[in-house]
Amino acid sequence: MSVELSSLEQKQLEKMRRLREQGVDPYPPRAERTHTSRQAIAAFEAAEKDGEPAVPVVATLAGRLRAIRPMGKITFAHIEDGDGKIQLFLRANDLGAEQLAFFNHQFDLGDFIQASGEMFRTRTGELTLKVTAFRLLAKAITPLPAAKDEVVDGQVVRHALLSDPETRYRQRYADLAVNSEVRDLFRKRAAILRSLREFLDGQGFLEVETPILQPIYGGAAAQPFVTHHNQLHQDLYLRISFELYLKRLLVGGLERVYEIGRDFRNEGVSFKHNPEFTQLEFYCAYFDYLKVMELTEQMICYVADHVLGQRTVVYQGREINFAPPWRRVELRQGILETAGIDIAQAPTRNDLANAMEAKGIHPKPGATRGKLIDQLLGDHLEPTLIQPTFLYNYPRDISPLAKSKLDDPQTVERFEGYVAGFELCNAFTELNDPVDQEARFLEMGRDYDARDEERHPMDEDYLRAMRYGMPPNGGFGMGVDRLTMLLTDSPNIREVLLFPHLRNREDE
RNA sequence: GGCCCACUAGCUCAAUGGUAGAGCAGUUGACUCUUAAUCAAUUGGUUGAGCGUUCGAGCCGCUCGUGGGUCACCA
């Protein structure tokens, strides 16, 4: 092995080799399991009458050794499998002293074993397997981080649990192995994804898959990752959004489409940003942003109902209620109330910058009017949006793919959903006018510095698609990781990613 | 990228600038209903890396690394 092993690991490696010399395969290819821990307990309870089963419940269990308590001529142990933990009871009377000593000395915490016998109740009432045969399934070389559970008044108290975030994220396998609530969190994440699909499928949406490697990136303002196809001599970008491909599908006659997948943005990392993250986008022909708002409320409630069984959740100490209708706040009004500036009274970039200066707010140098509005939103309004809120009607120049309002061409029909002080989703009445769209692309190129990597590249094929005719439609995008944070009360996006992005370590 | 904090045994944590410790895990032994089993004994350290200050550094200073927080960035 290339890495240096600790003395404990070297001892275990030596133990494993000795077992092999004794004819014990430390990694046999097959296991026999008749019951999971839960199934064995359920089978006993079903057969049970007055504390005794009518017929013996014989089971072979398999799992990881989590506790061994030798007591002379008997030994208690716990193994953990996918369903939970179950106790084993081994007796010299049943197994012979030699077998019991083998179990006590050759098996270690973390090993996978299988054990056969009859289910019974101990004097304390715990359903337990009385073991008549056992076998090693996989030897552990590295000791699991010590974590013991103590039950106090029905509550499980963890001792010396693995808590160092770096180890937990870098060695997620160890984190999962010893922290059962981490396993539960990722089961919940899977349930969230399943519920989102169920809801959208039920609404007649078609799940599709579009390219991750794209010759032209677009649909969002973000720096892309660049890669290269060797044989084609072609630079490619990892997608920063699905938007432009999904809307091409509306041109093709698919009226309701959605995609759940990975987006990649080459930007800073933070408690709510990971370089790759899971995005949900859907597009719905003949919907506008108001209908998308209602669909959003229904969808989030559907997920909450199915995953949590309720529509409220406590996030970082504050109760959040997802029940519709969510508060609706016009962006102009929200900024007026929190920053004291009426953006409608500041029609140009300089007007707005002056208004901000007058309030003691330093406008970002070089920012467009839209970016200044975004600054006011992020600094003043966003932190106040704890309960689910739709902010709506956004400035045109930060929304190049959204349709303008009929009575106000400088404002677009767009909303963002905010919960717990951060952005959860983003949606608009999609721009389907190819002439206006081309003008927007050109505007973006003008307004942004030519070196600004976030400027929107022109996508000629997208414009061609739109010229074939795109039905009016409402589009929606949501960070699934952030929804998962909310529903699992996780303060950090890394908690809801199995393998969050971390810097390389020199020693690895 | 800036600033702040952290990094000590496998895990969780101690240690006035003066001999690096505890609990759990490990090892050895006792124990036939235990469950953080208990009891007795015991192994285990390049204190993140390097350089410096000092008679003497886990502790003070500098550089670097990693992580966390925060700001910047992120429609």
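Numbered from 1 within each chain, the chains take letters A, B, ... in sequence-line order. Small disclaimer: the values here were computed from a predicted structure and weren't measured. No hydrogens, no waters, no symmetry mates; every other heavy atom, side chains included, goes into these values.
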Can you tell me, in whole Å, how much space there is between the P of B/U8 and that of B/A14? 11 Å

Name the pairs: protein N/O against N/O of nucleotides 11-14 of chain B, kept only if under 3.5 Å.
residue	atom	partner	partner atom	Å
B/C11	O2'	A/Ala160	O	2.8
B/U12	OP1	A/Ser163	N	3.3
B/U12	OP1	A/Asp164	N	3.1

Geometric cation-pi criterion, A/Arg248 with A/Tyr245: 6.0 Å, 45°: yes

How long is the line joining CD of A/Glu166 and P of B/G65, in whole Å? 14 Å

Summary of protein contacts for nucleotides 32-43 of chain B, nucleotide by nucleotide, where a base hit scores B, a sugar-phosphate-only hit scores S (4.0 Å, heavy atoms): BBBBBB------

Applying side-chain hydrogen bond (donor to acceptor under 3.5 Å, both in side chains) to A/Ser404 and not counting sequence neighbours gives A/Arg396, A/Arg440

Give me the stems containing RNA chain B, sorted by first residue, counting only three or more consecutive Watson-Crick or G-U pairs with both distances under 3.5 Å; say none if there aren't any. B:1-7 with B:65-71, B:10-13 with B:21-24, B:26-30 with B:38-42, B:48-52 with B:60-64

Nucleotide B/G26, atom P - distance to NZ of A/Lys15 in whole Å: 8 Å

Nearest-angstrom distance, P atom, B/G21 to B/G61: 25 Å

Atom-to-atom span, CD of A/Gln10 to C1' of B/A25 - whole angstrom: 17 Å

Consider side chain to side chain donor-acceptor pair (under 3.5 Å). Of A/Arg262, A/His501, A/Arg265, which one does A/Glu276 pass it with? A/Arg262

Taking only N and O in the side chain of A/His362, is any of them less than 4.0 Å away from OP1 or OP2 of B/C71? no

Say we look at B/A72 and B/G10: how far apart would their P atoms be, to the nearest angstrom? 40 Å

Spacing of the C1' atoms in B/U35 and B/C24 (rounded, Å): 15 Å

Under 4.0 angstrom between A/Arg503 side-chain N/O and B/G65 OP1 or OP2: no

Let me know the distance between CZ of A/Arg494 and C1' of B/G69, rounded to the nearest Å. 11 Å

Taking 4.0 angstrom as the limit, do A/Asp288 and A/Lys291 come out as a salt bridge? no

Residues two or more places apart in sequence or in another chain: which of them pass side-chain contact (heavy atoms from CB on, under 4.5 Å) with A/Arg91? A/Ile74, A/Phe89, A/Asn93, A/Asp94, A/Lys130

Using the salt bridge (Lys or Arg N to Asp or Glu O under 4.0 Å) criterion, which residues pair with A/Arg328? Sequence neighbours excluded. A/Glu297

Sequence-distant partners of A/Thr36, side-chain contact (heavy atoms from CB on, under 4.5 Å), two or more places apart: A/Arg33, A/Arg38, A/Gln39, A/Asp81, A/Asp83

Ignoring backbone atoms, establish whether A/Asn266 has a side-chain N or O less than 4.0 Å from OP1 or OP2 of B/C73. no

Nearest whole Å is fine: how far is B/A25 P from A/Asp111 CG? 16 Å

Parallel, tilted or perpendicular for A/Phe282 and A/Phe476, by the 30°/60° rule? parallel

Value in whole Å for how far the P atom of B/C74 lies from CZ of A/Phe277: 14 Å

Taking only the side-chain nitrogens and oxygens of A/Lys364, find out if one of them lies under 4.0 Å from OP1 or OP2 of B/A72. no

For atom C1', what is the distance between B/G45 and B/G26, given to the nearest Å? 15 Å

Which part of the nucleic acid does A/Tyr169 contact within heavy-atom distance under 4.0 Å: base, sugar-phosphate only, or nothing? sugar-phosphate

Atom pairs, N/O to N/O, protein against nucleotides 3-8 of chain B, distance under 3.5 Å?
none

Integer angstrom distance from the P of B/A9 to that of B/C5: 22 Å

Measuring only the P atom in each nucleotide, how far is B/G69 from B/U63? A whole number of Å is fine. 24 Å

Listed once per pair and sorted, the salt bridge (charged side-chain N to carboxylate O under 4.0 Å, His left out) pairs that draw on residues 419-433 of chain A, sequence neighbours left out: A/Lys247-A/Glu430

Work out how far the P atom of B/A36 is from that of B/U42, and round it to whole angstrom. 26 Å

Indicate yes or no: at least one non-hydrogen side-chain atom of A/Arg414 is less than 4.5 angstrom from one of A/Ile398. yes

Out of B/G26, B/G67, B/C74, whichever nucleotide has its closest atom nearest the side chain of A/His273: B/C74

Please table the atom pairs, donor to acceptor, closer than 3.5 Å between any side-chain atom in residues 105-114 of chain A and protein atoms at least two apart or in another chain.
residue	atom	partner	partner atom	Å
A/His105	ND1	A/Ala101	O	3.0
A/Asp108	OD1	A/Lys15	NZ	2.9
A/Asp108	OD2	A/Gln12	NE2	3.0
A/Asp108	OD2	A/Lys15	NZ	2.8
A/Asp108	OD2	A/Lys139	NZ	2.7
A/Asp111	OD1	A/Ala140	N	2.8
A/Asp111	OD2	A/Asp108	N	2.8
A/Asp111	OD2	A/Lys139	NZ	2.5
A/Gln114	OE1	A/Glu32	N	2.9
A/Gln114	NE2	A/Glu32	OE1	3.0

side-chain contact (heavy atoms from CB on, under 4.5 Å) partners for A/Ala115, two or more places apart: A/Leu88, A/Leu129, A/Val131, A/Phe134

For A/Arg332, side-chain hydrogen bond (donor to acceptor under 3.5 Å, both in side chains) partners two or more places apart: A/Asp342

Relative to the 5' end of RNA chain B, which residue comes earlier, A/Asp379 or A/Glu243, by the nucleotide with the nearest heavy atom? A/Asp379

Quick one: do the A/Gln333 and A/Glu337 side chains pair a donor with an acceptor below 3.5 Å? yes

Send over the distance from A/Arg18 CZ to B/U27 P, rounded to a whole Å. 10 Å

At what distance, to the nearest 0.5 angstrom, does CD1 of A/Ile341 lie from CD1 of A/Ile361? 4.0 Å

Whole angstrom value for the distance that separates C1' of B/G29 from CG of A/Asn104: 13 Å

Assign A/Asn426 to base, sugar-phosphate, or nothing according to its heavy-atom contacts below 4.0 angstrom with the strands shown. base

With nearest nucleotide decided by heavy atoms, which residue, A/Pro165 or A/Gln12, maps closer to the 5′ end of RNA chain B? A/Gln12

Side chains of A/Glu416 and A/Tyr418: is there a donor and an acceptor less than 3.5 Å apart? yes

